[in-house]
> 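Structure below; questions to follow.
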Amino acid sequence: MNQRTATPRRRPLPRRFFARDTVLVARALLGCTLWVDSGGTLCAGRVVEVEAYLDERDPASHAGRGRTPRSAIMFGQPGVAYVYLVYGMHHCFNVVTETTGRAGAVLIRAVEPLVGEDAMRTRRGSSPDAELCAGPGRLCRALGIDLAWNGLSLGGRLRSVANKPGPGRVWIAAGEPPAQVISGPRIGIRRAVERPLRFCDPESRCLSRSPGLGSL
DNA sequence: GAACCGATTGCCT
DNA sequence: GGCAATCGGTTCG
């Protein structure tokens with residue numbers, strides 16, 4: 001198990017980490033630690049599966065048809081959480097990438113639980129540990145992330161806006177990159193299926209699906 | 001406004 | 001493997 005015994009680092013990655021090419025950021029996020037403090041409960045997991053969503057040139061991206069009220073956040077500051085609702089019931093957690101003005105985001109599809117597994121089980125109900133955070137919807141459910149988290153900065157500090165506490169804190173810390181990275185088509189999309197913009201650690205047992213073909 | 005469509009999941013056959 | 005659940009965003013009239 002990767003990093004299972006080591007104590008994960010906690011220091012938040014700087015904003016400039018995310019202000020780069022989206023595919024670069026997506027690959028670099030593998031092995032990093034996602035920290036979430038929701039309702040005073042701290043959870044963390046090792047990022048093992050991500051997908052890159054690009055700008056106007058990517059028909060599968062929410063930014064694929066330009067700036068809309070929803071996709072505007074993808075054109076905004078990097079290092080910000082982009083959370084949306086899919087199928088009327090599941091949430092997806094993304095990190096905004098690229099410099100301000102250029103659209104991009106990385107969808108976190110799966111993490112290996114490292115901290116707070118009890119809380120995850122409580123939120124997710126009975127399910128095998130390997131499946132607690134294996135999938136974008138499952139991950140958000142396990143970590144307590146919903147629409148209220150949309151727009152939060154990944155600074156790791158409490159957001160103090162008008163003295164009102166936010167829903168919680170979320171940030172990402174550096175970790176040990178996987179020995180191998182597999183790329184493949186993104187999951188659940190109909191457009192641009194040929195693009196290998198899904199990246200995962202094939203050695204992880206916590207993936208949402210088996211790794212695609214085509215190694216990088 | 002109304003109709004349509006999902007970056008999913010879990011339960012059913 | 002098939003399919004229903006469920007609602008915000010986008011598109012169309």
Side-chain angles (χ1 to χ4, degrees), chain A residues 18 21-23 25-27 29-30 34 45 47-76 78 80-98 102-113 120-152 154 167 170 172 182-201 204-212 214:
Chain A
F18 304 99
D21 173 79
T22 304
V23 172
V25 176
R27 298 179 56 98
L29 281 174
L30 292 176
L34 173 66
V47 179
V48 293
E49 180 181 347
V50 299
E51 284 178 0
Y53 286 88
L54 314 180
D55 57 13
E56 291 89 341
R57 301 163 301 163
D58 180 8
S61 170
H62 287 166
R65 266 165 280 192
R67 191 188 297 248
T68 66
R70 178 174 64 170
S71 70
I73 191 169
M74 289 182 66
F75 291 80
V80 166
Y82 169 34
V83 182
Y84 62 87
L85 186 66
V86 272
Y87 299 106
M89 60 187 75
H90 302 297
H91 298 282
C92 289
F93 176 79
N94 300 252
V95 180
V96 176
T97 58
E98 305 279 357
R102 181 182 298 257
V106 175
L107 169 69
I108 310 295
R109 287 193 56 90
V111 304
E112 287 182 12
M120 296 182 195
R121 290 191 205 95
T122 299
R123 298 189 181 111
R124 285 266 292 125
S126 64
S127 102
D129 279 15
E131 296 177 12
L132 279 176
C133 300
R138 292 169 167 179
L139 175 156
C140 282
R141 170 66 74 92
L143 299 177
I145 294 173
D146 60 23
L147 283 182
W149 296 66
N150 188 42
L152 282 192
L154 303 181
V170 55
I172 297 174
I182 296 287
S183 71
R186 291 171 290 185
I187 307 294
I189 59 170
R190 304 184 65 105
R191 299 169 152 275
V193 184
E194 73 284 358
R195 294 211 200 191
L197 294 179
R198 172 181 179 238
F199 305 95
C200 64
D201 174 0
S204 174
R205 62 186 188 99
C206 300
L207 302 179
S208 69
R209 306 208 183 173
S210 59

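As the structure is a computational prediction, the values presented were derived from the model and not from experiment. Convention: sequence-line order gives letters A, B, ...; per-chain numbering from 1.
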> For the residue pair A:E131 and A:R138, what are the closest heavy atoms and their distance?
O-CD, 3.7 Å
> How close do A:L147 and A:Y84 get, heavy atom to heavy atom, and via which atoms?
CD2-CA, 3.7 Å
> Please identify each residue that fulfils side-chain contact (heavy atoms from CB on, under 4.5 Å) with A:V25, with sequence neighbours left out.
A:F17, A:F18, A:R20, A:L29, A:T97, A:V106
> Report the residues that fulfil side-chain hydrogen bond (donor to acceptor under 3.5 Å, both in side chains) with A:D129, sequence neighbours left out, ordered by chain and then residue number.
A:R121
> Looking only at atom types and distance, does a side-chain atom of A:N94 sit under 3.5 Å from a main-chain N or O of A:Y82, one as donor and one as acceptor?
yes
> For DNA chain B, just give me the dot-bracket, please: Watson-Crick or G-U, both distances below 3.5 Å, ( ) intra-strand, [ ] crossing earlier pairs, | paired with another strand, . unpaired.
||||||.|||||.
> Let me have a per-nucleotide readout for nucleotides 4-13 of chain B, 5' to 3', with B, S or -, counting only protein heavy atoms under 4.0 Å.
--BBBSS---
> Using the rule side-chain contact (heavy atoms from CB on, under 4.5 Å), only one of A:L197, A:I189, A:I187 pairs with A:E51; which is it?
A:I187
> Please report the shortest heavy-atom distance between A:A130 and A:A134, naming the atom on each side.
O-CB, 3.6 Å
> Hey, where on DNA chain C does chain A first and last touch, going 5' to 3'? Cut-off is any atom under 4.0 Å from a heavy atom.
C:dA5 to C:dT11
> Where do A:L30 and A:E49 come nearest, in terms of heavy atoms and distance?
CD2-N, 3.7 Å
> Does A:F75 have any ring pair (Phe, Tyr, Trp, His ring centres under 6.0 Å) partners at least two apart in sequence or in another chain, and if so, which?
none
> To check you understand the geometry: which heavy-atom pair defines the closest contact between A:V83 and A:H91, and what is its length?
CG1-CB, 4.2 Å
